[in-house]
Amino acid sequence: MKNSEKKDAAKMGKEPVPGKGLLGRRALLRGALLSAGAAAASVGIAQADDSIGANAPEWMKTPGRSFSPYGTPSKWQEKVQRTIANPPGRPGTGVSRTPLQRLEGTITPAGLHFERHHNGVPDIDPSQHELLIHGMVKRPLAFSTDVLARYPMETHIRFIECSGNSGGYNQAQPPQATSGELNGLLSGSEWTGVRLATLLNEAGVAPGAKWVIAEGADAAAMSRSIPLEKCMDDAMIALFQNGEAIRPEQGYPMRLLLPGFEGNMNVKWIRRLNVTDVPVDARDETSHYTELMPGGKARQFMFPMGAKSLILKPSFGMNLQGPGWYEISGLAWSGAGRIAKVEVSKDAGKTWELAALNAPVLPMALTRFRLPWDWKGQPSTLMSRATDETGDVQPSRADWVAQFVPGQGYHFNGIQAWGIEADGTVKNVYA
Ligand SMILES: Nc1nc2c(c(=O)[nH]1)N[C@H]1C(S)=C(S)[C@@H](COP(=O)(O)O)O[C@H]1N2
Ligand SMILES: [Mo]
């Protein structure tokens, strides 16, 4: 805000600081409508007594810089980065997490999409790459990248979540870290590609086929067994992410997209689909991505991700700046369909209020929820609870933890809580 605007706002008795005047209950409730009005009003104030003159900011006094062939974020946003976690000596193995709490809306910029690689990002020449469909099919087919690009395409907004996401919540003590550091193995994108059913039908699936073994062209040759039913339903060979060719980190030139299913099954750099009658018990569905339960049994093939939500504003690292109006906002999603409702509690789960869901509410996509909050300065515990259209309700952390052996962290979808202290400090708490 310009100095002159501040002066004018002060003259009018309006101090444009959240919670002190302009930002009030009505502004938060009416949302976009009212804030659009407020913005227009302050432009008017500035123009009334101040065009480009002595008080103009530096950047209005000289022409701006030239064009760029591919844009990058503002240098003022350079702290908005993925956080990388990889073991020493194995740079290509591990994860980088999306800084969820620093983003808005529901689409993750491609450069901030989380990454999970089992042996690095391969540098694939698309002209040398083929997708092979073979096994229990009438005629095996190989699709070059160019040939695949000629098929009819579809576009869908979907989330991908690693089943290891939020695994830190199985710890005895609540980890003190940002929401992105805890939950950032989650991203949302607009994906465009060819329906897998189109390609499987062309190859002709043989009677008795029940599974498809998907294999990636990375140095891990990562493989998973996928039920044929899913492959014939909404599975996609994705070629584009948010309008541009899929990024190398996300599977360039093509990846398998299985809406709602655990991240691991969305095989990147996909090169082979072997149609079979049985699952293969691949390394990644036995040593990893199974959930050990008390008594020694393991839950295997837990495909869809459960209903889940997170409060991102406020959250760890974003302490409240004194009493007043705040918007509680976050993300909700479910691997089983659309989010039906998100409830928010400000008192550790004693009472719950319905949050507003920002349209469009899409199946297997991130949904933004919002609720205004007049914080009087009292210690508070904020929680959110998602329910999806199938009636699946996000469980309490205690109920979730009780299903598994201590330390089991896959498929965590328990309710999370932020403790707000009287001085505005935000801490991760178990409530
Ligand atoms: N070929 C291959 N596919 C892969 C992986 C991999 O290492 N190699 N990682 C899997 C895991 S565990 C997850 S959670 C998702 C992550 O997708 P992203 O890196 O695009 O976020 O890709 C899956 N597909
Ligand atoms: Mo994963």
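Both backbone and side-chain heavy atoms feed into the values below; hydrogens, waters and symmetry mates do not. One-based numbering, in listed order, for ligands and for the atoms of each.
Between the side chain of Q416 and the main chain of W418, no donor-acceptor pair closer than 3.5 Å is present. Counting only distance, with no hydrogens or angles, the side chain of Q300 and the backbone of E285 share a donor-acceptor pair below 3.5 Å. Although no hydrogens or angles enter the test, the distance criterion places no donor-acceptor pair under 3.5 Å between the side chain of T367 and the main chain of W333. Panel note: side chain T98, backbone L100; no donor-acceptor pair is recorded below 3.5 Å. D388 places no side-chain N or O within donor-acceptor distance of the main-chain N or O of R338, the cut-off being under 3.5 Å.
Closest to atom 5 (C) of ligand 1, if we only count protein heavy atoms, is M222 SD, 3.5 Å. The single protein non-hydrogen atom nearest to atom 3 (N) of ligand 1 is K268 N, 2.9 Å, given as residue, atom name and distance. For atom 9 (N) of ligand 1, the closest non-hydrogen atom on the protein side is R116 O, 3.1 Å. Atom 15 (C) of ligand 1 has as its closest protein heavy atom G263 O, 3.4 Å.
Polar contact with ligand 1: absent for N119 (N/O pair, distance under 3.5 Å). Residue-to-ligand polar distances keep H117 apart from ligand 1: every N/O pair is separated by 3.5 Å or more. Every N/O-N/O distance between Y289 and ligand 1 stays at or above 3.5 Å. Considering backbone and side-chain N/O atoms, E161 never comes within less than 3.5 Å of an N/O atom of ligand 1. The shortest N/O to N/O separation between C162 and ligand 1 does not fall below 3.5 Å.
Of the listed options H113, E115, R255, H288, R255 places a heavy atom closest to atom 17 (O) of ligand 1. Residue D218 holds the heavy atom nearest to atom 8 (N) of ligand 1 of all those in N165, V95, D218.
Test E343, Q394, R385 against S309 for side-chain hydrogen bond (donor to acceptor under 3.5 Å, both in side chains) and you get one pass: Q394.
Applying the 6.0 Å contact sphere to CD of E78 captures no more than 12 heavy atoms from other residues, nucleotides or ligands.
At a 4.0 Å heavy-atom cut-off, ligand 1 does not touch D284 at all. At a heavy-atom distance under 4.0 Å, atoms from both the backbone and the side chain of N264 approach ligand 1. In E262, neither the side chain nor the backbone holds a heavy atom less than 4.0 Å from any atom of ligand 1.
Residues T192 and T155 share a closest heavy-atom pair of OG1-OG1, 2.8 Å.
Close approach to W269 involves these atoms of ligand 1, each under 4.0 Å from a residue heavy atom: 1 (N), 2 (C), 8 (N). With ligand atoms numbered from 1 in the order given, ligand 1 contributes 1 (N), 3 (N), 24 (N) to contacts under 4.0 Å with heavy atoms of V267. The atoms of ligand 1 that sit less than 4.0 Å from any heavy atom of E249 are 19 (O), 20 (O). Close contacts of ligand 1 with Q250, meaning ligand atoms under 4.0 Å from a residue heavy atom, involve 18 (P), 19 (O), 20 (O), 21 (O). Of all atoms in ligand 1, numbered sequentially from 1 with element shown, those under 4.0 Å from a heavy atom of G216 are 1 (N). The contact set between ligand 1 and F114, taken as ligand atoms under 4.0 Å from a residue heavy atom, comprises 14 (S), 16 (C), 18 (P), 19 (O), 21 (O). When each atom of ligand 1 is checked for a heavy atom of N266 under 4.0 Å away, the hits are 22 (O), 23 (C), 24 (N).
Using a 30° and 60° split on the angle between ring planes, Y326 and W375 fall in the perpendicular class, above 60°. Using bins of under 30°, 30° to 60° and over 60° for the plane-to-plane angle, the ring pair W211/F303 lands in the perpendicular bin. Using the six-membered ring where Trp is involved, Y151 and F143 have ring planes that are perpendicular, over 60° apart on the 30 and 60° scheme. The aromatic rings of Y430 and Y169 sit tilted, their planes meeting at an angle between 30° and 60°.
E104 and R370 are joined by a salt bridge, as a carboxylate oxygen and a charged side-chain nitrogen come within less than 4.0 angstrom of each other.
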